[in-house]
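Right, one structure below, let's go through it.
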Amino acid sequence: MLKIYNSLTRQKEEFRPLEPRRVRMYVCGMTVYDYCHLGHARVMVVFDMVARYLRHLGLKVTYVRNVTDIDDKIIRRAVENGETIGALTARFIEAMHEDERALGVLPPDHEPRATESIDDILAMIGTLIERGHAYVGSNGDVFYAVASFPNYGRLSGKNLDELRAGERIEVDEAKRDPLDFVLWKSAKPGEPFWASPWGPGRPGWHIECSAMSTRCLGAHFDIHGGGMDLQFPHHENEIAQSEGATGEHFVNYWMHNGFVRINEEKMSKSLGNFFTVREILARYRPEVVRFFILNSHYRSPLNYSDENLDEAAAALSRLYTALRGLAPDLPLPLGEGRDEGFSSRFADAMQDDFNTPEAIAVLFDLAREINRHKAAEPAKAAALGATLKSLGNVLGLLQTDPEAYFKSDAGGSGLSDADIEARIQARIEARKAKNWAESDRIRDELKAQGIILEDSAAGTTWRRE
RNA sequence: GGCUGAGUGGCAGAGUGGUUAUGCUGCGGAUUGCAAAUCCGUCUAUGCCGGUUCGAUUCCGACCUCAGCCUCCA
């Protein structure tokens with residue numbers, strides 16, 4: 001039985017989908033005014049892993065992840081860049097998709113955009129006003145009346161009095177209550193707008209997720225995910241909006257992933273201490289980044305550093321090394337186990353709130369077992385290799401051909417494969433003549449350029465570091 | 001200040017009331033022309049102080065430290 005840590009109850013709970021064999025999941029995606037950084041990558045990879053695992057369990061998953069393509073920052077950035085909002089968001093949506101593909105993130109089933117959901121948003125705001133959960137403020141903006149929703153604060157463990165006591169809350173004169181938040185912002189001159197019963201304007205941030213999730217998945221669905229920082233106020237507000245509008249329970253399981261940190265500090269755009277995915281991919285293989293993310297638990301902090309990425313690269317190489325040079329997997333004689341408990345250990349780890357670090361530890365045990373049998377029992381090694389690859393697939397890892405993986409450029413060497421092969425040929429000649437000095441010189445020379453040579457009985461192979 | 005969460009060996013990072021996490025690294029050995037890779041063996045730990053218990057890193061309490069949210073943020 002799969003257990004998921006539910007942020008709403010702060011404990012692990014057995015996962016029971018609303019409909020048998022079917023899961024509906026919504027994740028808050030990007031606001032597209034800049035490139036994805038590693039924090040965004042973590043959300044994408046973590047929930048991709050969740051979707052993959054649920055599917056692996058045989059569940060039919062409908063995975064929705066939205067794109068926020070209208071908000072203050074987007075408007076500001078477009079003005080700064082002197083481009084249209086549409087051009088800006090199109091550019092960064094495409095960049096996001098490129099990053100995703102690189103990281104082995106499968107596309108969500110639906111990727112709704114705020115600007116394409118205005119009708120749903122207007123309808124929901126209308127319903128909220130009818131039901132007494134929203135009102136038009138003195139400045140023409142529409143606000144959600146937080147006090148009208150009794151459960152407000154439950155997800156984030158806050159109560160209204162404490163929130164009101166916070167001195168940092170800016171009091172907007174147009175609001176009845178400082179805690180109220182905007183559903184519809186009336187347009188200022190020069191700003192983009194849509195027509196609405198409350199005048200021209202644009203949606204507030206929180207309402208779009210309520211509108212889009214309800215449209216794509218219904219009023220009540222299984223899993224809602226996102227980064228920790230969205231728990232309050234974004235997800236709290238979503239609950240208030242959706243439950244206020246539909247009268248139904250909104251979400252059964254709330255999942256929040258931990259932050260990426262740099263030097264013990266949250267990586268964020270506002271702090272300016274972020275690395276974009278493409279900056280990192282210029283120096284590391286994409287799969288290394290994915291491995292790095294999954295090698296710590298999704299709720300734990302993830303500390304970014306070059307050392308940690310290097311370590312992830314070394315670890316992933318070990319797994320690929322085990323897969324390297326295996327015979328094709330052939331059916332084993334009856335009674336000869338190809339698995340020996342690895343799959344069930346892997347499953348146990350994943351069933352426990354997606355414990356990918358522990359699941360990956362099983363992969364390493366499997367790799368050792370493969371290496372042990374590689375020479376003497378190639379058929380057994382190949383069978384174990386097939387198991388390793390199939391477990392890796394659940395995590396979106398290890399699906400590249402090992403040779404291709406090792407020869408792929410991790411972002412450095414200017415040497416072409418042909419250059420390398422030529423140097424290796426020269427070295428083979430030297431070795432035939434037992435000219436070890438020349439042989440070692442060539443090897444060192446290649447090493448200096450990030451090419452590792454490995455001699456074995458079968459010949460010399462090479463890989464990029 | 002309020003509310004969350006966390007403190008594990010040289011580093012990263014899991015689990016567990018009594019038994020090897022795992023990876024990288026160090027050390028010894030096998031293998032290799034030498035390496036690399038691989039295999040075998042091996043050293044380093046559970047923030048601090050109490051309590052519960054036959055026994056706690058694991059449960060409880062205090063303390064210290066760190067991070068996050070309370071304001072846009074994945």
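Lettering follows sequence order; numbering is per chain, from 1.
Using N1 to N3 plus N6-O4 or O6-N4 for Watson-Crick, or N1-O2 and O6-N3 for G-U wobble, each under 3.5 Å, A45(B) pairs with nothing. Checking C39(B) for Watson-Crick or G-U wobble geometry (two distances, each under 3.5 Å) identifies G29(B) as its partner. Using Watson-Crick or G-U wobble geometry with both donor-acceptor distances under 3.5 Å, C11(B) finds its partner in G23(B). Across all strands shown, the partner of G18(B) is C54(B), judged by Watson-Crick or G-U wobble contacts whose two distances both fall under 3.5 Å. With a cut-off of 3.5 Å on both Watson-Crick or G-U wobble distances, the partner of U65(B) is given as A6(B).
Residue contacts for Gln231(A): at a heavy-atom cut-off of 4.0 Å it reaches no nucleic acid atom on any strand shown. As judged by a 4.0 angstrom heavy-atom cut-off over every strand, Asp352(A) is placed among residues making no nucleic acid contact. The residue Ala315(A) sits close only to the backbone: its heavy atoms come under 4.0 Å of sugar-phosphate atoms, none of a base. Using a 4.0 Å heavy-atom distance criterion, Arg77(A) is classed as making no nucleic acid contact.
Nearest nucleotide to the side chain of Phe364(A), out of G23(B), U38(B), U4(B): G23(B). The side chain of Ile452(A) sits closest to A36(B) out of A36(B), G23(B), G33(B). Each of G23(B), A36(B), C66(B) was ranked by its minimum atom distance to the side chain of Arg463(A); first place goes to A36(B). When the nucleotides G13(B), A37(B), C34(B) are ranked by their closest atom to the side chain of Arg431(A), C34(B) comes out on top. Between U38(B), C34(B), A14(B), one nucleotide has an atom nearer to the side chain of His297(A) than all others, and that is A14(B).
Arg65(A) forms no cation-pi arrangement with Phe47(A), by the criterion of a distance under 6.0 Å to the ring centre and an angle within 45° of the ring axis.
For the contact set between residues 436-443 of chain A and RNA chain B, defined by any heavy atom under 4.0 Å, the members are Trp436(A), Ser439(A), Asp440(A), Arg443(A). Near RNA chain B, meaning a heavy atom under 4.0 Å away, there are no residues from residues 144-152 of chain A.
Proximity of Asn295(A) to the phosphate of G13(B): no side-chain N or O atom is located under 4.0 Å from OP1 or OP2. Between G23(B) and Arg368(A), a contact under 4.0 Å exists linking OP1 or OP2 to a side-chain N or O. Side-chain N/O atoms of Ser456(A) include none lying less than 4.0 angstrom from OP1 or OP2 on U32(B). Considering only side-chain N and O atoms, Arg318(A) lies under 4.0 angstrom from the phosphate OP1 or OP2 of U38(B).
For the residue pair Tyr298(A)/Asp353(A), the side-chain donor-acceptor check at 3.5 Å is satisfied. Looking only at atom types and distance, the side chain of Asp161(A) has no donor-acceptor partner in the side chain of Asn159(A) under 3.5 Å away. Side-chain polar atoms of Thr68(A) and Glu208(A) form a donor-acceptor pair below 3.5 angstrom. A donor and an acceptor atom, one from each side chain of Glu438(A) and Asn435(A), are nowhere located under 3.5 Å apart.
One finds no salt bridge joining Asp109(A) and Arg24(A) here, because no Lys/Arg side-chain nitrogen approaches an Asp/Glu carboxylate oxygen to under 4.0 Å. The residues Arg77(A) and Glu80(A) are annotated as salt-bridged, a charged nitrogen and a carboxylate oxygen being separated by less than 4.0 angstrom. No salt bridge links Asp34(A) with Lys73(A); every basic N to acidic carboxylate O contact stays at or beyond 4.0 Å.
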Could you go step by step and tell me if Tyr26(A) and Met212(A) meet the side-chain contact (heavy atoms from CB on, under 4.5 Å) rule? CA-CA 9 Å; Tyr26(A) 184 93; Met212(A) 290 188 277; 4.1 Å; yes
So Tyr63(A) and His110(A), side-chain contact (heavy atoms from CB on, under 4.5 Å) or not? Walk me through it. CA-CA 7 Å; Tyr63(A) 174 22; His110(A) 302 287; over 6 Å; no
Please evaluate residues Phe406(A) and Thr461(A) with respect to the criterion side-chain contact (heavy atoms from CB on, under 4.5 Å), reporting the C-alpha separation (whole Å), side-chain torsions for both, the decisive distance (0.1 Å), and the verdict. CA-CA 10 Å; Phe406(A) 284 122; Thr461(A) 56; over 6 Å; no
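Where Ala361(A) and Pro301(A) meet RNA chain B, the nucleotide closest to each residue was compared, and Pro301(A) sits on the side nearer the 5' end.
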N/O-N/O pairs, protein side and nucleotides 57-61 of chain B side, under 3.5 Å:
none

Between the protein and nucleotides 72-74 of chain B, which nitrogen or oxygen pairs come in under 3.5 angstrom?
residue	atom	partner	partner atom	Å
C72(B)	O2'	Lys73(A)	NZ	2.6
C72(B)	O2	Lys73(A)	NZ	2.8
C73(B)	O2	Lys266(A)	NZ	3.4
C73(B)	N3	Lys266(A)	NZ	3.1
A74(B)	OP1	His40(A)	NE2	3.1
A74(B)	O5'	His40(A)	NE2	3.0
A74(B)	O2'	Gly227(A)	N	2.3
A74(B)	N7	His37(A)	NE2	3.4
A74(B)	N6	Met267(A)	O	2.3
A74(B)	N1	Val260(A)	N	3.0
A74(B)	N3	Gly39(A)	O	3.2

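Outside the 6.0 Å centre-distance limit, the rings of Phe143(A) and Phe181(A) are not counted as a close aromatic pair.
Looking at Glu358(A), its side chain has no donor and acceptor atom pair within 3.5 Å of the base of G15(B).
With sequence neighbours left out, Phe149(A) forms a ring pair (Phe, Tyr, Trp, His ring centres under 6.0 Å) with no residue at all. Under the rule for a salt bridge (charged side-chain N to carboxylate O under 4.0 Å, His left out), Lys374(A) has no partner lying at least two apart in sequence or in another chain.
Looking at Asn66(A), its side chain does come within 3.5 Å of a backbone N or O of Gly29(A) through a donor-acceptor pair.
Here C69(B) presents its C1' atom at 14 Å from CG of Asn159(A), a figure rounded to the nearest Å.
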